[in-house]
Undergrad: 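This is the structure, below, for whatever I ask next.
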Amino acid sequence: MRKIWILLFFWGGGVCGIAPNDCGTARVFIDPDYAGMKYLYDTPGGKIVKKLQHDIRNGEYVLLTLLEKNDSMFHVQAEYSGQGDSIGKGWIKKDKTLGIYFKKEVIDTLSLYRSPDREESIVCILKGEDNAGMYTVIDFIGNWLKVRKLVKGKVYEGWMAPTDQWDNVYTTCS
């Protein structure tokens, strides 16, 4: 039975269901290429309660469910990617190591919006190779993520719809 759950986790890109971010909450990851240590704090600016680091040897990467935010930090539930083992809750500093991939399945065009609503105007459209790789997460509202990406020397920023997000670090879904 455990193998079935693991298979569903990998296939669906998360623990909530078949599609990533169908939980109503935003999920992000610590950049899979980041080899350093990240910290969870008990309160914003408080004491360190957990140290976070990928367990590369066992293929475990740190995933974060975003719960709330302030100007400089996210309140998160941290877990390991492979087994979904909980690491703990705490506050983590917002920085360039927190990211998400574009879920490129059928179409390779990503629209970023002015605000977290598909009815809002599109601020930019990224196509083909321009939308490959990790997007830095800088904010969230519900399961919408505000992201930033540097492409050919230009910074693109906008809101990524939940259906465009891919939090599975084992594949970029491209």
Side-chain angles (χ1 to χ4, degrees), residues 9 12-34 36 38-46 49-50 52 54 61-81 84 86-105 109-126 130-151 155-174:
F9 178 85
V15 295
C16 294
I18 294 173
N21 294 338
D22 65 352
C23 309
T25 58
R27 289 172 38 97
V28 301
F29 51 76
I30 295 175
D31 184 346
D33 295 329
Y34 182 71
K38 303 288 293 175
Y39 302 100
L40 286 182
Y41 297 86
D42 59 351
T43 60
V49 293
K50 291 279 183 177
L52 304 176
H54 299 307
Y61 296 89
V62 179
L63 296 177
L64 306 167
T65 299
L66 303 177
L67 306 171
E68 58 183 305
K69 62 188 175 180
N70 68 18
D71 289 343
S72 61
M73 301 182 92
F74 292 125
H75 188 222
V76 300
Q77 171 67 50
E79 65 187 51
Y80 283 113
S81 56
S86 178
I87 300 169
K89 279 187 183 179
W91 290 85
I92 191 168
K93 292 179 182 176
K94 295 179 184 179
D95 65 22
K96 65 182 179 181
T97 64
L98 305 182
I100 194 77
Y101 293 131
F102 166 51
K103 183 183 178 186
K104 186 184 347 179
E105 288 185 320
T109 300
L110 172 64
S111 297
L112 296 179
Y113 297 86
R114 186 168 313 284
S115 65
D117 183 345
R118 284 196 184 270
E119 301 301 315
E120 286 293 323
S121 60
I122 295 171
V123 292
C124 66
I125 296 174
L126 296 167
D130 289 347
N131 62 31
M134 189 184 93
Y135 288 75
T136 301
V137 175
I138 59 175
D139 197 2
F140 80 100
I141 294 177
N143 54 2
W144 280 76
L145 297 174
K146 189 169 189 182
V147 297
R148 180 179 296 143
K149 186 164 182 70
L150 179 65
V151 178
V155 176
Y156 294 89
E157 187 174 298
W159 289 91
M160 183 186 283
T163 55
D164 292 331
Q165 300 166 22
W166 187 252
D167 63 7
N168 186 330
V169 295
Y170 300 100
T171 173
T172 59
C173 196
S174 55

Undergrad: For residues Asp95 and Thr97, is any side-chain donor paired with an opposing acceptor at under 3.5 Å?
TA: yes
Undergrad: Any idea which heavy atoms bring Met73 and Lys94 closest together, and the distance?
TA: O-CE, 3.6 Å
Undergrad: Between atom CD of Glu68 and atom CG of Leu66, what is the distance when rounded to the nearest 0.5 Å?
TA: 11.0 Å
Undergrad: Would you say the side chain of Val155 lies within less than 4.5 Å of the side chain of Arg148, judging by non-hydrogen atoms?
TA: yes
Undergrad: I'd like to know if the side chain of Lys149 and the backbone of Ala132 have a donor-acceptor N/O pair within less than 3.5 Å.
TA: yes
Undergrad: Would you say Gln165's side chain and Met160's backbone share a donor-acceptor pair under 3.5 angstrom?
TA: yes
Undergrad: Once you round to the nearest 0.5 Å, how far does CG of Leu98 lie from CD1 of Ile30?
TA: 6.5 Å
Undergrad: On a heavy-atom basis, which atom in Pro32 and which in His54 lie closest, and how many Å separate them?
TA: CA-NE2, 3.9 Å
Undergrad: Taking the ring centre of each residue, are Tyr135 and Tyr156 less than 6.0 Å apart?
TA: no
Undergrad: Nearest 0.5 Å, please: how far is CZ in Phe74 from CH2 in Trp91?
TA: 10.0 Å
Undergrad: May I ask you to test the Arg27-Val137 pair for a side-chain heavy-atom distance under 4.5 Å?
TA: no
Undergrad: Check for a donor-acceptor pair, side chain of Asn131 on one end and backbone N or O of Leu126 on the other, with a separation under 3.5 Å.
TA: yes
Undergrad: How long is the span from the CG atom in Leu52 to the CD atom in Glu79, to the nearest 0.5 Å?
TA: 12.0 Å
Undergrad: Can you tell me how far CG of Leu145 sits from CG of Leu112, rounded to the nearest 0.5 angstrom?
TA: 10.5 Å
Undergrad: Would Lys93 count as a cation-pi partner of Tyr39, with NZ or CZ less than 6.0 Å from the six-membered ring centre and within 45° of the ring normal?
TA: no
